[in-house]
Amino acid sequence: MSFTTLGLDSSLLTTLAALGYTEPTPVQREAIPAVLAGGDLLVSSQTGSGKTAAFLLPALMRLLAAAAAPGAGPRILVLTPTRELALQVQKAAHGYGSAQRMRTACLVGGMPMWSQLKHLGKTVDIVVATPGRLKDHMDRRSVDLGRVELLVLDEADRMLDMGFQEEIDAIVARIPARRQTLLFSATLDGVVGKLAERVTKNAKRIALARTAQKKLDITQHALFADNEAHKGRLLDTLLRDTDIDQALVFTGTKRAAEELSISLVGQGFTAGAL
Ligand code: AMP
């Protein structure tokens with residue numbers, strides 16, 4: 001199946017071809033026509049499934065098609081749990097929308113407020129934001145959400161895990177009720193389901209199989225260490241296991257990751273910290 005049957009504008013199809021995308025991923029195949037049809041959507045999908053294009057391509061179609069209501073605020077609002085993901089989404093919007101004119105703003109913590117205010121001083125089409133910083137802008141009255149037509153909650157489960165529920169509710173309360181809402185999450189159960197009930201109307205559900213999890217045959221072990229030195233020796237023994245070619249080691253902090261990678265290099269492993 002190719003992208004041509006999904007109802008996308010030819011300018012977007014040309015961009016996708018130039019990016020080397022030959023066919024839509026399962027989430028794109030299901031979500032793009034559903035978003036273009038106009039209803040609310042709940043999608044359970046994983047990172048790496050192509051979900052960003054699944055919401056950005058129809059969002060870009062909206063900018064191409066409909067005339068904007070008067071005002072300067074964003075027509076598309078994407079909320080993400082982290083600064084990194086927000087920047088990635090903004091970059092993807094410029095990539096997929098490289099054939100069209102649009103203005104975007106990324107409103108995330110840890111970045112200077114003045115440059116964000118400068119972007120918001122002009123008409124903006126797409127805002128990608130983390131809930132905390134967007135709430136700060138709302139409190140300063142530096143952003144107007146009255147023009148938002150499409151709201152995307154990306155990785156909603158992670159946003160709730162990070163304690164953004166209050167901010168999300170405050171943000172959604174400022175967006176016109178006639179909006180279209182798309183919620184993407186690894187799971188749609190529990191608190192995410194409750195959030196979905198509050199922010200969507202008659203939403204269609206798209207649940208995609210967790211292929212990566214189904215394919216992997218994982219055995220889990222817990223090893224108890226007496227102390228740091230013992231933990232180090234256990235790790236060394238594990239990593240020297242002849243069946244292990246590559247390993248991911250998670251640590252509690254960035255500093256611990258850096259120290260561990262240096263120590264592993266010292267022990268003769270090829271290691272790096274992310
Ligand atoms: P995402 O899950 O949105 O983070 O996307 C994961 C990666 O897949 C990104 O690097 C995209 O550029 C890439 N991607 C998304 N859709 C397609 C597609 N239809 N064909 C090939 N690559 C894709």
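Just follow the structure's listing: the first ligand is 1, and inside any ligand the first atom is 1.
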Selection residues 222-238 - residue pairs positive for salt bridge (Lys or Arg N to Asp or Glu O under 4.0 Å), sequence neighbours left out: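 Non-adjacent pairs meeting salt bridge (Lys or Arg N to Asp or Glu O under 4.0 Å): Glu228-Lys231, Asp236-Arg240.
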Please collect all salt bridge (Lys or Arg N to Asp or Glu O under 4.0 Å) contacts where either partner lies in residues 178-205, sequence neighbours excluded, each pair once.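 Those involving residues 178-205 are Asp169-Arg198.
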Glu23 versus Ser2, side-chain donor and acceptor atoms under 3.5 Å: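 Short answer, no.
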Just by distance, no angles: are the side chains of Gln267 and Ser263 close enough, under 3.5 Å, to form a donor-acceptor pair? yes
Select all protein residues for which some heavy-atom-to-ligand 1 distance is less than 4.0 Å, and list them by chain and number.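 Phe3, Tyr21, Glu23, Pro24, Thr25, Gln28, Thr47, Gly48, Ser49, Gly50, Lys51, Thr52, Tyr96.
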Does the distance from a Lys or Arg side-chain N to an Asp or Glu carboxylate O, for Asp139 and Lys135, drop under 4.0 Å? yes
Donor-acceptor contacts under 3.5 Å from residues 151-162 side chains, at least two apart:
residue : atom : partner : partner atom : Å
Asp154  : OD1  : Lys51   : NZ           : 2.9
Asp154  : OD2  : Lys51   : NZ           : 3.4
Glu155  : OE1  : Arg158  : NH1          : 2.5
Glu155  : OE2  : Thr47   : OG1          : 3.0
Glu155  : OE2  : Lys51   : NZ           : 3.2
Asp157  : OD1  : Ser185  : OG           : 3.4
Asp157  : OD2  : Ala186  : N            : 3.4

